[in-house]
Protein chains: 2
Amino acid sequence: MGNKTERYSRQKEEIYRILRNTNTHPVAEWIHKQAKRKISRLSLGTVYRNLNHLCQKGEIKKFTFGTQLEHYEGNIKPHQHFVCKRCGRIFDFFLDVNEEILAKTKKLRKFRVEEVEVEFRGTCFDCRMTSK
Amino acid sequence: MGNKTERYSRQKEEIYRILRNTNTHPVAEWIHKQAKRKISRLSLGTVYRNLNHLCQKGEIKKFTFGTQLEHYEGNIKPHQHFVCKRCGRIFDFFLDVNEEILAKTKKLRKFRVEEVEVEFRGTCFDCRMTSK
DNA sequence: ATAGGTGCAAATGTTTTGCTGTCAA
DNA sequence: TTGACAGCAAAACATTTGCACCTAT
């Protein structure tokens, strides 16, 4: 009880579709711009509201990546992020480490650890070439 | 060249001292309040400026922890963070995993991985007791 | 004497929210 | 019919910045 009955809307559908179809980690503004190509009157407030709904339902995820802005991601399969310290670009890594790390928390009786996020920082290929 | 000569200031000293002497992960506002007990005219802008300087020098670290605010930490020894999904409190973990994870990135020739951050989410002891 | 730091207040920029109208169920 | 959702604009809020003054070096 207390939970609202969720209702369909073109806006939410489109926002979710855009997020599922990119492997980037866009901010609200970018999603807004993309979605307006189909729904020209779409407001930024609606984008934020839907992004928050989708986060709460666990259908998308939200990250800061050391910037001041929230970045959103439609791929919720476990993976890691790499942030280039020079160009700021974000890359997905798919290393087989999350389960191992979680296993190490099993002995911590005081905490029920449910999720783990791993974020790497360093220099990407392009930036290494540019000023070795 | 291009680098400014850093200069001593009571304000920076006090901010850094406060951060070294807590094992919490405070926000700028809290640090400001603490520091004003010694430097009553200290402004919030100065707190932010010094926190940013200290971050750039690598003497402190900055995290978002899924909130809208920046949290600062004076302990830069490698460790992990646990965020309770119910009460939002942040705990330090000292598991021996960072090096292992970094080792797994050595095969990635395209990226020079320099740092790793591990963040856990789940339920803390108190919250588990409160509403099992 | 010079330039880095401070305090103050205004500006910036992202995200949230109140309100009114619309539309899915 | 009704209440969840949209659009719009204003508000909220954390953080940054411009400026005049202060102070470490």
Side-chain angles (χ1 to χ4, degrees), chain A residues 1-19 24-57 59-73 88 90, chain B residues 1-19 24-57 59-73 88 90:
Chain A
M1 80 216 320
N3 272 348
K4 298 183 184 183
T5 329
E6 191 179 353
R7 184 176 295 187
Y8 169 86
S9 86
R10 282 179 73 209
Q11 289 82 347
K12 186 192 309 180
E13 204 63 21
E14 177 61 8
I15 288 164
Y16 187 46
R17 192 190 64 73
I18 288 169
L19 225 30
T24 65
H25 309 77
V27 299
E29 186 77 45
W30 185 91
I31 298 166
H32 182 225
K33 198 176 291 177
Q34 299 301 312
K36 282 187 89 166
R37 303 199 301 199
K38 278 201 185 156
I39 304 170
S40 56
R41 312 210 59 188
L42 178 67
S43 81
L44 188 53
T46 295
V47 172
Y48 275 108
R49 263 189 291 241
N50 279 309
L51 289 171
N52 285 336
H53 286 171
L54 290 164
C55 275
Q56 276 172 5
K57 291 195 295 167
E59 296 183 356
I60 66 171
K61 291 188 129 194
K62 200 200 260 192
F63 298 91
T64 304
F65 296 127
T67 67
Q68 229 59 18
L69 291 75
E70 299 287 0
H71 296 248
Y72 298 87
E73 176 171 61
I90 298 147
Chain B
M1 83 222 313
N3 273 347
K4 297 183 183 182
T5 329
E6 191 179 353
R7 184 179 294 189
Y8 169 87
S9 86
R10 284 178 71 209
Q11 289 82 346
K12 185 192 309 179
E13 204 63 20
E14 178 61 8
I15 288 163
Y16 187 46
R17 193 190 64 75
I18 287 169
L19 226 29
T24 65
H25 309 77
V27 298
E29 186 78 43
W30 185 91
I31 298 166
H32 182 224
K33 198 176 290 178
Q34 299 301 311
K36 282 187 90 167
R37 304 199 301 199
K38 278 201 183 157
I39 305 171
S40 56
R41 312 210 59 188
L42 178 67
S43 80
L44 189 52
T46 295
V47 172
Y48 277 108
R49 264 188 293 237
N50 279 308
L51 289 170
N52 285 335
H53 287 171
L54 290 163
C55 275
Q56 277 172 5
K57 290 196 295 168
E59 296 183 355
I60 65 171
K61 291 187 128 195
K62 201 199 257 193
F63 298 93
T64 304
F65 296 127
T67 68
Q68 229 59 15
L69 292 76
E70 298 287 1
H71 296 248
Y72 299 87
E73 177 170 62
I90 298 147

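Each chain gets a letter, A, B and so on, in the order its sequence line appears, and its residues count up from 1. Treat the numbers as computed from the prediction; the structure is a model and nothing was measured.
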*Asks:* Is any NZ, NE, NH1 or NH2 atom of the basic residue among A:Arg10 and A:Glu13 found under 4.0 Å from an Asp or Glu carboxylate oxygen of the other?
*Replies:* no

*Asks:* Consider side-chain contact (heavy atoms from CB on, under 4.5 Å). Of A:Gln34, A:Lys33, A:Lys38, which one does A:Ile18 pass it with?
*Replies:*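 Filter result, single survivor: A:Gln34.
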
*Asks:* Report which part of the nucleic acid A:Arg41 touches: base, sugar-phosphate, or nothing (heavy-atom distance under 4.0 Å, all strands).
*Replies:* sugar-phosphate

*Asks:* D:dT23 P sits how many Å from B:Glu13 CD, rounded?
*Replies:*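 My rounded result for the distance is 17 Å.
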
*Asks:* What is the per-nucleotide protein-contact pattern of nucleotides 10-22 of chain D, from the 5' end, where B denotes a base atom under 4.0 Å from a protein heavy atom, S denotes such proximity for sugar-phosphate atoms only, and - denotes neither?
*Replies:* ----SSBBB----

*Asks:* I need the CD-P distance between A:Glu6 and D:dG3, as an integer number of Å.
*Replies:*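 In whole Å, D:dG3 P and A:Glu6 CD are 17 Å from each other.
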
*Asks:* Under 6.0 Å between ring centres: does that hold for A:His25 and A:Phe65?
*Replies:*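 Yes: the rings meet the under 6.0 Å criterion.
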
*Asks:* Would you name the heavy atoms of A:Thr67 and B:Glu70 that are closest together and state the gap between them?
*Replies:* O-OE2, 4.3 Å

*Asks:* I'd like to know if the side chain of A:His32 reaches the main chain of A:Leu42, judged simply by a donor and an acceptor atom lying under 3.5 Å from each other, with no hydrogens or angles considered.
*Replies:* yes

*Asks:* Do the side chains of A:Lys62 and A:Leu51 get nearer than 4.5 Å, heavy atoms only?
*Replies:* no

*Asks:* From the 5' end of DNA chain C to its 3' end, which nucleotides mark the outer limits of contact with chain A, defined by a 4.0 Å heavy-atom distance cut-off (strictly under)?
*Replies:*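 Nucleotide range in contact with chain A: C:dT14 to C:dA25.
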
*Asks:* Can you tell me how far P of D:dA6 sits from NZ of A:Lys36, to the nearest Å?
*Replies:*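 For the pair A:Lys36 NZ and D:dA6 P, the rounded distance is 15 Å.
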
*Asks:* Please give, in whole Å, the distance from D:dC8 C1' to A:Ile39 CD1?
*Replies:*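 One finds 16 Å between C1' of D:dC8 and CD1 of A:Ile39, rounded.
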
*Asks:* Does the side chain of B:Asn50 reach to within under 4.5 Å of the side chain of B:His53, using non-hydrogen atoms?
*Replies:*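 Sidechains of B:His53 and B:Asn50: in contact.
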
*Asks:* Let me know the distance between NE2 of A:His32 and C1' of D:dA9, rounded to the nearest Å.
*Replies:*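 From A:His32 NE2 to D:dA9 C1': 13 Å.
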
*Asks:* Round to a whole Å and report the spacing from CZ of A:Arg7 to P of D:dT2.
*Replies:*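 In whole Å, D:dT2 P lies 12 Å from A:Arg7 CZ.
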
*Asks:* Looking only at heavy atoms, what is the nearest atom pair of B:Ser9 and B:Lys12, with distance?
*Replies:*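 Closest approach of B:Ser9 to B:Lys12, heavy atoms only: OG-N, 3.1 Å.
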
